[in-house]
There are 2 protein chains.
Amino acid sequence: MNTLQKLDHIDRKVLEILQSNAKITNAQLSKEIGLSPAPTLERVKKLETSGIIQSYHAQLDREKVGLGVTTFVQITLVGHKKQVTDSFVEKINSIPEVVECHHITGSGDFLLKVISKDISSYQRLMLEKINEIEEVASTQTMVILSTFKESKVLPIP
Amino acid sequence: MNTLQKLDHIDRKVLEILQSNAKITNAQLSKEIGLSPAPTLERVKKLETSGIIQSYHAQLDREKVGLGVTTFVQITLVGHKKQVTDSFVEKINSIPEVVECHHITGSGDFLLKVISKDISSYQRLMLEKINEIEEVASTQTMVILSTFKESKVLPIP
DNA sequence: CTTAAATCCGAATAATCTTCGTTTTTGCTC
DNA sequence: GAGCAAAAACGAAGATTATTCGGATTTAAG
């Protein structure tokens, strides 16, 4: 499963470029990595079929689509049995406003990233959805005041 | 600046599709939204030039590129003067392993998302980089044990 | 060295995007 | 509702881009 050593420095460059600009043409990409279009495309295809590149996504301006509030919510569950977390995760997955859900160490069991229109719709979501989940014992919210970095490029070692 | 009411239900569908699959062809997209290719392209271009669609990114498999550890790090700074946070943010921006940096409410001043090869490289990053920043008073880390949801699709209201 | 496999190149073909003139729909105003 | 102007959508032609393929070059092992 270790697909590591198969990446040479050209592959890394391809990955770096596609992470920051997925819409680049193959011709342009080939210029930037110093190869001709044919082997460039072959490398990209190989990265896709091997699963190293999982998918491609458009990144939206949250403000412009009317989503002004992003929060991180720490969740403590009522217990730690498998059935409790499974049930919790299943319910979380059906809530579109929860865009991330991580099982974490430290205080609290889960950390959610929640995206809302405004504070009042955030409050409504918490009262009517999150806190209504029976497995949830308590929550603690961190509201994002401003975001200074949001990189889509991983630090490939 | 409120670019909200300009989005009809077709625009929303376009945004939803492009968020989950940016590599779809214009012809395929036009079928899915029930228009011909020409006005479909026109809509996408308009969404791009208006800045609602900011960019396009390839999503990688972190494990497969050798990045096994993701953490959230809460940072408390030594003060709250503008110069302190400015200096901190500037240093953070030069660290590729820090992929997100948010100014937050609640305990701690900032929340970082940090991506590392493994625990020991995470430890090295904290000791040699983060804790070396003079504005940092203390840190508290949450290690992600597993991720149950990581949606790239915003809940457009 | 020798050789086999892998990689890369260049050019032709296929697929897709993009433009443009025309037609249809939409939303007012009377 | 009827008429009309603006906006949106259509279809087909032209322009770009992706993709394929045979052959040349490089790489790595023996």
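Each chain gets a letter, A, B and so on, in the order the sequences are listed, and its residues count up from 1.
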Atom pair distance, as rounded to whole Å: [atom1] in [X] and [atom2] in [N]:
X	N	atom1	atom2	value
B/Gln28	C/dA15	CD	C1'	14 Å
A/Ile10	D/dT27	CD1	P	11 Å
B/Lys45	C/dC17	NZ	P	10 Å
B/Leu7	D/dA8	CG	P	13 Å
A/Asn26	C/dC8	CG	C1'	14 Å
A/Lys23	D/dA18	NZ	P	12 Å

Report yes or no: does B/Lys64 contribute a side-chain atom to a donor-acceptor pair with the main-chain N or O of A/Ser50 at less than 3.5 Å?
-> yes

Heavy atom of residues 33-44 of chain B under 4.0 Å from DNA chain C: which residues?
->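 Correct list: B/Ala38, B/Leu41.
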
Sub-4.5 Å side-chain heavy-atom contact between A/Thr76 and A/Val136 |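 Contact flag for A/Thr76/A/Val136 side chains = no.
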
Would you say A/Leu125 and A/Val114 make side-chain contact, with heavy atoms under 4.5 Å?
-> yes

Does A/Leu47 belong to the same Ile/Leu/Val/Met/Phe/Trp/Tyr cluster as A/Leu29, with side-chain heavy atoms less than 4.5 Å apart forming each link?
-> yes

Does a sphere of radius 6.0 Å around CD in A/Glu150 hold more than 12 heavy atoms from other residues, nucleotides or ligands, not counting ones at 6.0 Å or beyond?
-> yes

Establish, for the pair A/Lys23 and B/Tyr56, whether the NZ or CZ atom is under 6.0 angstrom from the six-membered ring centre and no further than 45 degrees off its axis.
->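 Verdict for B/Tyr56: a cation-pi partner in A/Lys23.
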
